[in-house]
Amino acid sequence: MVGERYEVEVGAVAHGGGHCVARHDGRVLFVRHALPGERVIAEITDGTTKSRFLRADAVEILEPAKERIAPPCPFAGPGKCGGCDWQHVTPGGQRKLKGQVLTEQLAKLAGLTPAEAGWDGSVEPVGGKLPPGAVPAWRTRVQYAVDPATGAVGLRKHRSHDIQPVDRCLIAAEGVTELGIESRSWPGVASVDVVAATGSSDRQVILVPAPGAQLPLVELDRPVSISRIDEHDNFHRVHGRTFVREVAADRTWRVSNGGFWQIHPQAPDTLVGAVLDGLDPQWGESALDLYCGVGLFAGALAERVGDEGAVLGIESSKQAVLDARHNLAALENVQVECDKVETLLPRTGITETDLIVLDPPRAGAGRETVAHLAGLAARRIAYVACDPAALARDLAYFREGGYRPVSLRAFDLFPMTHHFECVAILEPVQG
């Protein structure tokens with residue numbers, strides 16, 4: 001059915017992928033580049049006559065929604081770059097869509113209204129106000145794919161290995177753009193991963209060579225560290241440092257080997273602020289920081305609970321644990337251990353704690369881990385979530401364990417995409 005076109009009325013926004021729901025002849029269509037309430041011509045991009053649902057792009061807009069704008073990026077649109085979902089929507093309209101997704105997931109998976117979740121229904125903008133039509137350049141890490149035939153860089157098309165060549169990514173942070181990655185050829189390279197640290201001048205380029213190819217000599221427009229990843233996913237320094245220094249929460253953080261760090265420049269401080277406001281840590285309390293990465297929340301908690309308090313961080317990435325121990329070496333009340341949360345936590349012998357922060361991967365923490373956490377009698381739990389469905393599922397599990405959300409905040413840390421971040425604060429149900 002790929003290539004067939006239908007005139008459809010567009011319904012509600014759906015979770016994931018930046019698409020909205022439409023129907024044709026009783027069959028569901030997930031339509032990208034559309035908005036709720038629009039009438040569009042939808043071209044099928046994926047599916048057969050036997051498929052339960054079809055994927056489609058809105059290739060012609062017959063009746064536009066009031067939030068629709070012309071995409072500022074020339075590479076956004078049907079069949080083009082898949083990096084942004086909502087270049088065709090006003091900033092306020094994007095946040096409204098994200099709020100609708102969160103509302104729907106809370107209702108469907110947790111049985112909660114926004115009021116019951118302690119949420120005011122808004123998705124909070126992060127960063128200063130921009131002039132009309134300007135695109136926030138927030139993405140401090142960009143992974144470019146390389147066209148093997150030409151050596152030109154680009155970005156993947158939606159749900160595809162095909163490459164859209166680009167000469168500039170509008171949402172890339174200035175520190176990425178200034179390296180001039182798009183203006184040069186990359187023969188023998190499969191991908192170019194660029195990291196521009198916030199708060200320091202550190203820039204890192206991580207190359208994956210094409211199979212059997214020799215790495216080219218790399219000369220860029222700014223000082224930069226170069227590393228490569230071999231066919232076994234091992235990290236090798238070519239020149240410069242193997243890490244970047246990020247600055248957040250009044251501390252400098254070492255992040256090595258292209259490891260995880262929030263990619264919006266203001267995300268770390270925004271999330272730390274929301275977690276500390278919600279938990280209100282007290283001197284002498286004990287805390288757990290689960291899926292702790294390089295130690296961002298553990299460091300913030302340790303300073304609040306003081307010398308008489310204690311913080312245990314658990315993280316499965318060996319390199320992140322090494323970084324966390326380096327980053328927090330001056331804080332004697334912090335311990336960071338390397339293992340999966342679900343494996344190590346039961347072995348610690350910890351039966352109670354005052355505070356818990358968890359920032360699990362996109363799939364969430366899951367029923368078993370949540371049940372264990374609910375049994376530790378924490379007075380407050382902060383759940384940092386990058387996926388609203390996983391958050392809602394885990395909130396339902398927490399309810400089974402006797403915890404309820406008392407506040408929920410959502411932050412627009414990924415403008416132009418369907419992604420956003422949430423911080424939920426949970427407390428034991430009284431009585």
- Could you give all pairs that pass the salt bridge (Lys or Arg N to Asp or Glu O under 4.0 Å) test and reach residues 143-156, with sequence neighbours left out? none

- With Thr198, which residues qualify under side-chain contact (heavy atoms from CB on, under 4.5 Å), at least two apart? Thr140, Glu246, Pro265

- Message: Taking salt bridge (Lys or Arg N to Asp or Glu O under 4.0 Å) as the cut-off, I'd like each qualifying pair that reaches into residues 325-352, sequence neighbours left out, listed once.
- Response: Arg325-Glu337, Asp339-Arg347

- Message: Can a donor-acceptor pair be found, under 3.5 Å and without considering hydrogens, that links the side chain of Trp186 to the backbone of Ile181?
- Response: yes

- Query: If we ignore angles and hydrogens, is there a donor and acceptor under 3.5 Å between the side chains of Asp85 and Thr417?
  - Reply: no

Result block: side-chain N/O donor-acceptor pairs under 3.5 angstrom for residues 288-311, not counting sequence neighbours:
unit_1, atom_1, unit_2, atom_2, d
Asp289, OD2, Ala298, N, 2.8
Glu303, OE2, Arg251, NH2, 2.4

- Without swapping roles, check the side chain of Gln94 against the backbone of Trp86 for a donor-acceptor pair under 3.5 Å. yes

- Please collect all ring pair (Phe, Tyr, Trp, His ring centres under 6.0 Å) contacts where either partner lies in residues 391-428, sequence neighbours excluded, each pair once. Trp138-Phe414

N/O donor to acceptor pairs below 3.5 angstrom from side-chain atoms of residues 381-395, sequence neighbours left out:
unit_1, atom_1, unit_2, atom_2, d
Tyr383, OH, Asp394, OD2, 2.5
Asp387, OD1, His15, NE2, 3.3
Asp387, OD2, Ala389, N, 3.0
Asp387, OD2, Ala390, N, 2.8
Asp394, OD1, Gly366, N, 3.2
Asp394, OD2, Ala365, N, 2.7

- Qualifying side chain to side chain donor-acceptor pair (under 3.5 Å) pairs with a residue from residues 269-280, counting only residues at least two apart or across chains: Asp280-Gln282

- Message: For a quick test of reading the model, state the closest non-hydrogen atom pair linking Ile171 to Cys84 and the distance between them.
- Response: CD1-SG, 3.8 Å

- Query: Applying salt bridge (Lys or Arg N to Asp or Glu O under 4.0 Å), which residue pairs with at least one partner in residues 118-145 are found, sequence neighbours left out?
  - Reply: Glu124-Arg409, Arg141-Asp193

- Query: When you check the side-chain N and O atoms of Thr353 and Ser286, is any donor under 3.5 Å from an acceptor?
  - Reply: yes

Exercise answer: donor-acceptor pairs, residues 72-83 side-chain atoms, under 3.5 Å, sequence neighbours excluded:
unit_1, atom_1, unit_2, atom_2, d
Lys80, NZ, Pro74, O, 3.3

- Note on the structure: Residues passing the side-chain contact (heavy atoms from CB on, under 4.5 Å) test with Thr351, sequence neighbours excluded, are none

- Item | Qualifying residues under salt bridge (charged side-chain N to carboxylate O under 4.0 Å, His left out), relative to Arg245, sequence neighbours excluded | Asp202

- Mind checking what makes side-chain contact (heavy atoms from CB on, under 4.5 Å) contact with His236, not counting sequence neighbours? Arg228, Asp230, Asn234

